[in-house]
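Below: the structure, in structure tokens.
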2 protein chains.
Amino acid sequence: MSASDEQNLTPECRAERWLLEAGLRPTRQRKALASLLIGDGKHRHVTAESLYEAASAVGAAVSLATVYNTLRVFTDAGLLKEIGVEGPRSYFDTRTEDHPHFFYEEDGEMSDAPTGSIRISKLPEPPANAEIAGVDVVIRLRRKG
Amino acid sequence: MSASDEQNLTPECRAERWLLEAGLRPTRQRKALASLLIGDGKHRHVTAESLYEAASAVGAAVSLATVYNTLRVFTDAGLLKEIGVEGPRSYFDTRTEDHPHFFYEEDGEMSDAPTGSIRISKLPEPPANAEIAGVDVVIRLRRKG
DNA sequence: CTCAATGCAAAGTATTTGCAACCGA
DNA sequence: TCGGTTGCAAATACTTTGCATTGAG
């Protein structure tokens, strides 16, 4: 499983290996979705909807509900990472400057991280013709058992 | 409007001033919600649901739809800040380590920020009995006109 | 008075679930 | 075969909208 091995695999084979290493059964649908996600070895950002459309576009018959379920399964297995605060609920803060937040994964509780407790020493250069509107930092916390 | 002025206001008066300074009409419902949000001068994190419950608890009759609408109005007026990536849509990333993201506000497009382009030199101490599960950084971008 | 704000219900969008049919090991 | 997986439709959760009514300036 060296890096050079990975280079020469077909998308299908790469997808299957990705699934097997995570202990997931490589079913037809999972292989199709996995192949769309990592078949070319590049990273991707998808929503359930966008992945569903991509699958449809290449003729892979996967239902939208299965795409949702599969994304969840992949995420639980550590193959994907969900971006941003989970859940469909929006939070609003009476502090309007950019500042970091603590977010408790278990119960969805949100609170301010102590002022001055974080320093970002280097910010990425925004792409040409775009400017930075703000920076959101969410520190996800897990209660210790 | 000095800091010491702010100290001695009643919650109601503070709320009304907050609204007026943002150019919003201080209606009964808005004052009730504003008072719950900043009446004691402390910062708060709310969801539409939690604010609705808080209002109900103090006997303020405000419909849930109005709470949603009012939070949006407050946010548009700069009185509140919405936390996390906006929109009810979840994004999934094939890269599973913590790394920063660019998020285009206009069209919801998501992409990786260049590797190594950000450095967080100081992380907050997590509260006792909690550990940091991860750090999400989303750099919101606005296209230049 | 006038127009913005409200409230309700209904619509809209995102996501999950129940359960029968299916399929890979 | 057996239990994990799929697919559909229905359910759920969250949020916005249409429109008639209300109320602040």
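These values consider heavy atoms only, across backbone and side chains, with no hydrogens, waters or symmetry-generated copies.
Judged by a 6.0 Å distance limit and a 45° cone about the ring axis, A:Arg142 is not positioned over the six-membered ring of A:Tyr104.
A:Ser90 comes within 4.0 angstrom of the backbone, heavy atoms only, and of no base. Residue A:Arg25 is in base contact, counting any heavy-atom pair closer than 4.0 Å across all strands shown. Residue-level contact check: B:Thr27 touches the backbone only, with heavy atoms under 4.0 Å from sugar-phosphate atoms and none from bases.
For C:dT6, the OP1/OP2 oxygens have a side-chain nitrogen or oxygen of B:Arg30 closer than 4.0 Å. OP1 or OP2 of D:dT15 sits under 4.0 Å from a side-chain N or O of B:Tyr68. At the phosphate of C:dT13, neither OP1 nor OP2 sits under 4.0 Å from any side-chain N or O atom of B:Arg89.
The residue among B:Ala65 and B:Pro26 whose nearest nucleotide of DNA chain D lies closer to the 5′ end is B:Ala65. Summary of the strand contacts: A:Asn69 and A:Phe92 both lie near DNA chain D, and taking for each the nucleotide with the nearest heavy atom, the more 5' one is attributed to A:Asn69.
Nearest nucleotide to the side chain of A:Ser63, out of D:dG7, D:dT15, D:dT6: D:dG7. Side-chain atoms of A:Gln29 lie closest to D:dT6 of the nucleotides D:dT6, C:dG7, D:dT15.
The nearest whole Å value for the distance from the CD atom in A:Glu49 to the P atom in C:dT13 is 11 Å. A:Leu64 places its CG atom 15 Å from the P atom of C:dT17, with the value rounded to the nearest Å. Rounded to an integer number of Å, the gap from B:Leu19 CG to C:dA4 C1' is 14 Å. Computed from coordinates, the A:Glu82 CD to C:dT15 C1' distance equals 11 Å when rounded to whole Å.
Using a cut-off of 4.0 Å between Lys/Arg side-chain N and Asp/Glu carboxylate O, A:Asp98 and B:Lys81 are scored as salt-bridged.
Looking only at distances, a side-chain donor or acceptor of A:Ser121 sits under 3.5 Å from a matching main-chain atom of B:Arg119. Side chain of A:Asp93 to backbone of B:His45: no donor-acceptor contact under 3.5 angstrom is found. For B:Thr70 (side chain) and B:Arg30 (main-chain N/O), no donor-acceptor pair under 3.5 Å exists by modelled atom type.
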